[in-house]
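Working notes for the structure below.
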Protein chains: 2
Amino acid sequence: MAATVSDVARAAGVSASTVSRALTGGTVSPATREMVMAVASQLGYQPNRAARGLITGRTGNLGLIVPDLRNPFFADVVKGVTTRARALDCGVFIADTDEDPRAELEAVAALSRNTDGLLLCSPRAGDDELLEVVEPASTVLIHRQVPGIPSVVADMVDGTRQAIAHLHALGHRRVAYVAGPEDSWASRQRQAALADAHADVEILRLGSVAPTFQGGVLAGDLVLASPATAVVAYNDMVALGLLHRLAARGISVPERLSVVGYDDVSLATMSHPPLTTVAVPKGRAGAAALDMVQRRIGGAGGRPRASQAAPEQEIVLGTSLVVRSSSGVAGA
Amino acid sequence: MAATVSDVARAAGVSASTVSRALTGGTVSPATREMVMAVASQLGYQPNRAARGLITGRTGNLGLIVPDLRNPFFADVVKGVTTRARALDCGVFIADTDEDPRAELEAVAALSRNTDGLLLCSPRAGDDELLEVVEPASTVLIHRQVPGIPSVVADMVDGTRQAIAHLHALGHRRVAYVAGPEDSWASRQRQAALADAHADVEILRLGSVAPTFQGGVLAGDLVLASPATAVVAYNDMVALGLLHRLAARGISVPERLSVVGYDDVSLATMSHPPLTTVAVPKGRAGAAALDMVQRRIGGAGGRPRASQAAPEQEIVLGTSLVVRSSSGVAGA
DNA sequence: ATGAAAGCGCTAACAC
DNA sequence: GTGTTAGCGCTTTCAT
């Protein structure tokens with residue numbers, strides 16, 4: 001059986017409350033504190049978070065909900081969250097919803113009772129459904145915006161602008177866009193951004209396709225049937241599938257066609273040729289979201305502190321185009 | 001504030017214990033149960049697991065520790081665990097140790113107090129360190145064996161045998177093996193398996209290299225400088241890097257050189273050419289480990305039940321060679 | 001600066 | 001079958 005405060009108290013010859021104070025930073029004499037700490041670590045004492053949470057009203061745990069851990073994009077976000085959580089000594093419950101909006105809503109319900117806050121990464125559920133189950137005071141959305149719920153997003157408008165400016169500079173005037181899932185927030189974002197990225201560049205919308213490698217393979221033929229000299233894919237996985245299909249059809253990239261993705265997943269450096277892509281901060285977004293939710297629930301320890309100067313509702317992280325070898329001069 | 005048992009009890013006109021019984025499957029009259037359930041769901045009651053855990057001694061939560069979530073291999077394992085956990089209504093704490101053995105040990109210490117059991121996936125710490133901090137009764141290792149700690153592993157000996165038999169059948173007699181990290185359990189496993197996979201096939205050991213895409217790139221030149229007609233890589237990431245380097249040097253695969261990997265990560269289908277690889281069950285291993293730890297801690301609710309017919313200590317999952325296009329007839 | 005006592009939400013004995 | 005009581009491990013008043 002694990003050691004409890006009482007065990008430590010007995011071994012240290014003090015009361016349980018003193019142990020508690022020594023360990024959580026209450027008013028104790030330096031000497032006592034040091035002694036208690038020594039005894040505690042010597043006994044391998046680890047506080048029972050459940051018991052602590054029962055009284056403080058805070059569990060010290062967070063919930064993190066993602067659509068699919070296998071997607072390298074989400075893996076990066078999760079990694080950012082867990083890394084920051086480790087530094088903050090905060091537990092992270094993980095839930096993978098398998099891209100199922102219903103599972104997402106269930107996960108929110110199950111986790112919200114047993115955590116201090118929730119991080120929802122790219123949730124697939126609709127705005128209204130989300131607003132129904134989510135507690136805005138202790139929830140942060142990652143890479144998704146819903147009016148009324150705080151969020152951390154990447155500046156896709158700027159990233160898109162950079163991508164199109166890059167292609168324009170290389171002489172491209174007709175650029176295909178391979179769209180992802182119709183109704184997704186990210187997809188709408190990208191399309192809106194493309195719409196007014198550059199006056200001189202005509203955007204040819206293709207798709208939509210699944211946001212996967214296979215979706216990209218499928219898109220390859222669509223792109224070749226269009227008059228575009230360059231293509232912007234919904235994300236890197238689609239871009240990679242595209243590259244794969246183009247190679248299979250003997251099309252040289254970037255000579256005949258330039259390809260640009262979104263996300264900058266690690267695979268983007270491993271393709272043939274390495275992929276030019278709009279880098280979106282993934283780990284950084286996860287870490288920022290964790291900090292944000294901590295700030296919002298923090299300090300007050302459950303008690304909602306009286307209106308303190310309108311807490312931030314949104315963080316927009318910068319994006320940057322990473323130019324590799326899949327983009328080049330038009331008609332080269 | 002969330003509803004508590006007392007709230008439900010008051011609203012239902014019964015005592016708190018009756019509510020508890022109705023919700024957890026105790027002896028209650030069907031009518032009462034139904035009524036309580038209705039009131040509970042109407043109030044949106046969600047049990048406070050912390051409080052429940054305090055008394056039952058079980059938290060209903062598990063800890064899952066992995067070296068690196070970005071590694072698609074581990075992502076698959078995690079996914080297997082979380083999927084099974086969802087079905088069992090069991091929370092999963094995730095910890096990413098960044099391949100750091102010390103962080104691993106710390107994670108074990110921090111999590112073991114606040115979970116019912118621990119799943120350690122491919123831990124990097126040494127046998128002795130692990131044995132020191134781990135509670136064998138409530139821990140299961142995934143893809144790693146340590147005497148005295150239960151584990152779920154894949155049959156690498158058989159997988160390796162299949163791979164070498166495949167290459168032998170294609171006429172290969174000299175096969176290079178690109179070794180991974182010297183001191184890793186997995187690496188030793190594979191080498192032992194290769195040593196007596198086939199009497200007619202000579203194994204040329206190369207490396208070791210980092211178990212990454214970059215490691216594979218590096219290994220590409222090593223392999224070409226050897227007389228081997230085929231190469232087995234430490235894992236798929238190395239094999240993919242190898243393929244990349246070979247392509248860059250204009251070596252055609254499988255005509256000039258056959259390449260085989262281990263793991264069958266999803267990327268293995270996306271390479272040029274698609275990779276022949278020893279498929280190891282990843283999600284299945286995670287799910288099996290979860291079931292195993294539940295079985296071992298289950299029922300008794302904390303109280304270690306008196307010796308019940310020697311609980312299983314090890315599960316070995318089958319592997320199978322997936323033949324794609326990176327392997328072919330020798331000297332073709 | 002420290003100890004005693006109360007209580008967080010829940011379930012397990014024990015009565016009835 | 002149901003209510004009452006006690007207590008899990010911890011923190012936090014309230015005394016001192």
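Sequence lines set the chain letters: A, B, ... in the order given, protein chains first and strands last, and positions in each chain run from 1.
- Whole-Å rounding puts the Ile55(A) CD1 to dG9(C) P distance at 10 Å.
- The residue among Thr32(B) and Leu54(B) whose nearest nucleotide of DNA chain D is located toward the 5' end is Thr32(B).
- Per the geometry, CZ belonging to Arg21(A) stands 11 Å off P belonging to dA4(C), to the nearest Å.
- The residue Ser29(B) sits close only to the backbone: its heavy atoms come under 4.0 Å of sugar-phosphate atoms, none of a base.
- The side chain of Ala16(A) lies closest to dT11(D) when the candidates are dT11(D), dT11(C), dG9(C).
- Between Ser20(A) and Ser17(A), the side chains place no donor N or O within less than 3.5 Å of an acceptor N or O (distance only, hydrogens not considered).
- Thr115(B) and Asn61(B) are not linked by any side-chain donor-acceptor pair at a separation below 3.5 angstrom, with hydrogens and angles left out of the test.
- Between the side chain of Thr56(A) and the base of dT12(D) there is no donor-acceptor pair of N/O atoms closer than 3.5 Å.
- In this structure, Ser17(A) reaches the bases: a heavy-atom distance under 4.0 Å links it to at least one base atom across the strands shown.
- Here the C1' atom of nucleotide dG9(D) and the CG atom of Leu23(A) are 13 Å apart, to the nearest Å.
- Here the side chain of Thr24(A) is nearest to one of dA1(C), dT11(D), dT11(C), namely dT11(D).
- Side chain Arg33(B) to base dG1(D): no donor-acceptor pair is found below 3.5 Å.
- Straight-line distance from the CG atom of Asn48(B) to the C1' atom of dG9(C): 6 Å, rounded to whole Å.
- The side chain of Ala51(A) has dG9(D) as its nearest neighbour among dG7(C), dG9(D), dG3(D).
- Annotation: the span from Leu119(B) atom CG to Ile142(B) atom CD1 amounts to 4.0 Å, rounded to 0.5 Å.
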Evaluate salt bridge (Lys or Arg N to Asp or Glu O under 4.0 Å) for Glu104(B) paired with Arg124(B), printing each intermediate quantity in order.
CA-CA 8 Å; Glu104(B) 204 166 81; Arg124(B) 306 316 201 194; 5.7 Å; no
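- When the P atom of dG9(D) is taken as reference, atom CZ of Arg52(B) falls 18 Å away, rounded to whole Å.
- For the pair Asp98(B) and Lys79(A), the salt-bridge criterion is met [side-chain N within less than 4.0 Å of a carboxylate O].
- In the set dC10(C), dT2(D), dT4(D), dT2(D) carries the atom at the smallest distance from any side-chain atom of Thr18(B).
- The nearest whole Å value for the distance from the CE atom in Met35(A) to the P atom in dT2(C) is 9 Å.
- Residue Gln46(A) contributes atom CD, which lies 15 Å from atom P of dG9(D) at whole-angstrom precision.
- When the side-chain nitrogen and oxygen atoms of Thr4(B) are compared with OP1 and OP2 of dG9(C), none of them lie within a distance under 4.0 Å.
- For the pair Arg49(A) CZ and dT11(D) C1', the computed distance is 15 Å after rounding to whole Å.
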